[in-house]
J.: 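Can you keep this structure in mind? I'll have questions shortly.
Each chain gets a letter, A, B and so on, in the order the sequences are listed, and its residues count up from 1.
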Amino acid sequence: MKYSPAEIEHKWQKKWEDDKLFKVEADNSREKFYCLEMFPYPSGKIHMGHVRNYAIGDVISRFKFMKGFNVIHPMGWDAFGMPAENAAIENKTHPAIWTKSNIAYMKTQLKQLGLSYDWDREIATCDPEYYKWEQLLVIKMFEKGLVYKRTSHLNWCEACQTVLANEQVEDGKCWRCDGEVRIKELDGWYFKITDYAEELLSCTEKMDGWPKKVLTMQQNWIGKSFGAEIDFNIENTDEKITVFTTRADTLFGATFMSVAPEHPVAKKLLSGTEQEKEGLDFIEGILKEDKINRMADDKEKKGFFTGKYVINPLNGRRMPVFIANFVLMDYGTGAVMAVPAHDQRDFEFAKKYNLDIKIAIMPEDQELVPAEMTEAYSGAGRLVDAAQFEGMPNEEAKIAVVEFLAEKGIAKSTVNFRLRDWQISRQRYWGAPIPFINCPKCGTVPVPEDQLPVRLPEDVELSGTGGSPLRKSAAFLNTTCPKCGGAAERETDTMDTFVESSWYFLRYCSPKCDTAPFKTDEANYWMPVDQYIGGIEHAILHLLYSRFFTKVLRDLGYINFDEPFNRLLTQGMVCKETYRCEEHGWLFPEEAEGGKCTKCGKEVTVGRVEKMSKSKKNVVDPNKLIQLYGADTARLFIIFAAPPENELEWSDQGVEGSFRFLGRVWRLVKNNLGLIQQNFGTGGDEAFIKEMLYHTHSTIKKVTNDIDKYHLNTAVAALMEFVNYLYKAETKLKADGEKLVFKEALTALLKLLNPFTPHITEELWEEAEMKEILSRSDWPSYVEEYTKTDEVTVVVQINGKVRSQLSLPRDCAQDDAFSAAFLDEKIKGYTDGKEVVKKIFVPNKLINIVVK
RNA sequence: GCGAGUGUGGCGGAAUGGUAGACGCGCUUGACUUAGGAUCAAGUGCCUUUGGCGUGGGGGUUCAAGUCCCUCCACUCGCACCA
């Protein structure tokens, strides 16, 4: 009978489901393993990136399951977000309907892959039973001072009609729609993630289960720097401007000051002056620019002189104050002291506007002359023109200058972070409502716990224009203040969807809990996640936010651990070459059959290998793949084709190869069903039996170790080798004892292969009349002794080059090995008449003879 | 510019400092076949083949280097006027 996956895969999926094979409960007497894959956004159907992510997770889960761990392996839906709302506007449906039907379809797709999820733990974040608890957490955070509202200059995506967090602006464009982002002054809600900056940073040093790359990215994003805040008096006033600097040692060289266009002091300085209008226009011009433009590489530095001066606190120098396009309101204090001699940006600015350049740091090996400088000098040196600090090494002066000014109360050393508070307001409908009431008398009042969830109103017509959709529902908007009972308005912003994904892994621990977000004892049992798997694109956003939430929930007393994810595996992208027809543009692979466009017959241009994407049409539909080859082949190919963290290049021929391999497994076991069902005595060719034991046990060892290290591709390679060997061994079987060992080899093969291709192995297992379900059976163990052969091949090198090979008894003595080597004919040819200078012996491996 | 990483056959990829190229794809030859895009067997780094050369280039450490060190080159990713 031929291997036909379609027939067997459905059967086993149903069986596992009916038996609730992967349903788990917390059990303190057993060691747990939490395997988690990043949950998907229900966009409509799954793509190969999902398949790869879940295939990797499933191998690990099933492996740990067979190893006897209490494995929690949940799945759910990151169900709030823009596409549902856009689809609703387009199709005049409700986002909930669109989302739910997508979830239903994608769930059938996931089930077709035979993934070992405990579906009883499924959650969807758009479910009020989910966001109710999120709202509660936000209120708890508010009570702790970790949530606040303020007006500021925010990133606004015109296409999405909403605000974006800093992290969500990539290359000046919206992370989701690639639309242009500009600055808009708006009210917004914030999470005080900056309170945790220090801990989020310091914990990265202990997170050795994460890829270094991701940790570095997070460290850079948090961006800790040591420096000082220094006050500068505004000339002829009592007011001051505070700057942040990491180079207090260069203060003697500060000749002007630059402030961000958004800085409140900018308008204040201009106020009432004759250049006020011109100055305001200048500010306006910069703020109006979109983010791509403003952040452009070669952006020219532009400034506007406010007409006002500040006084250098060290030497009393009058420093003109400029509004400058390159100063960031977001970083430090939004104002910088400009030291053109020692800062390249200030240097360029000074050259352009003809401002003073004063040397403050003189290097040992050259003499800086302002007029001759072509770029700023930012290296080390001694202070010059520096009063009592004259001649001091600049590193010392960084501290000394601040201490001196601190005594006068005009400076303090500070630590500054690049990390900003997390802006969570979105002016959209399809998100969790922010649970506050704005009362004209009492201000911001949290919605009382017993009134949660604040549900999304059903009566909103989505148009995509005209501001926040929730404002259009009178029933939602108008309410009474829980404090004073007076008329009040509900907050109409909804939360950034990254809030939902910041704690979903906790909800999985108690998905049905209706008294709390989750049960503390269950979370403390299951968490932290032992293995988290997902795309590198979440290196900062989702992973940083989740770490923040975990720490907050710990401090709120919900949980007792510091970090959510012990180990992180960032799987690589799934790529494929692109096809293009000059007339029809990008083509789907099936439209480029035989190098000709199926629409017009023209020659197809084969492009580079790129990430599979709808826009370039270089996609392979998981449904079709499963139809053609079955889920087992799809899983096997994806695991085998590349290490999990590498890019995976799609290869139709590679898929065929994986399918062929499963066919070989199928025939091998089918041919020997009778043998497996029989019982055998002992006896037979001892060497042959030893050989079979060697192959079996070293394969068990290799596959076990490889899966532990997540070298999944080499584990599969070892299984392929094993199957190749078993085909050879099969032809030599005679005696009972040989058949017995061969039978054991086959059962080991099925077990080892099961995490990768569970359906075919389960089917063969059943046909072999094994009693229990394979997925529930034990992982095979190996006997170390069997993994060693009696004879070993020892290579003989002359001067480091391999010249011969010897077959020697395992662990033979050094002297015996050398004598054997010197007796070897080939070696004699190299050693005769030569002086042996040195002899190296590596047991069971190698001999190196150095001759002269 | 700063930071991180990667460079191995025709391709994807293997190799605790110890036989470079496991495994797979592709290719070659053969077998079985009405047929082969099924299956099986053998072969497959390169060359001027008793041998020589080979892991991006150059240098170094070592008995021994894909692996460690220095340097250069190329590519990828992340951050990017962060004061």
J.: Please confirm whether the backbone N or O of A:Lys576 pairs with a side-chain atom of A:Asn618, one donor and one acceptor, at under 3.5 Å?
T.: yes
J.: Do A:Arg664 and A:Asn724 have a side chain donor and acceptor closer than 3.5 Å?
T.: yes
J.: Send over the distance from A:Met217 CE to B:A80 P, rounded to a whole Å.
T.: 10 Å
J.: Check this one for me: any side-chain N or O of A:Arg803 less than 4.0 Å away from OP1 or OP2 of B:G52?
T.: yes
J.: Side-chain N or O of A:Arg660 less than 4.0 angstrom from OP1 or OP2 on B:G24?
T.: no
J.: Between A:Lys845 and B:U19, is there a contact of a side-chain N or O with OP1 or OP2 at under 4.0 Å?
T.: no
J.: Does A:Asp832 pair with A:Lys828 as a salt bridge, N-O distance under 4.0 Å?
T.: no
J.: Any side-chain N or O of A:Arg667 under 4.0 Å from OP1/OP2 of B:A38?
T.: no
J.: Both distances below 3.5 Å, Watson-Crick or wobble geometry, any strand: find the nucleotide opposite B:C40.
T.: B:G30
J.: Look at the side chain of A:Lys301 against the base of B:C81 and say whether a donor-acceptor pair falls under 3.5 Å; ignore hydrogens and angles.
T.: yes
J.: If we ignore angles and hydrogens, is there a donor and acceptor under 3.5 Å between the side chains of A:Thr714 and A:Asp706?
T.: yes
J.: Paired with B:C68: which nucleotide, if any, by Watson-Crick or G-U wobble criteria at under 3.5 Å for both distances?
T.: B:G60
J.: Under 3.5 Å, is there any donor-acceptor pair linking the side chain of A:Arg345 to the base of B:A83?
T.: yes
J.: Tell me whether B:G59 sits syn or anti, counting syn as a glycosidic angle within 90° of 0.
T.: anti
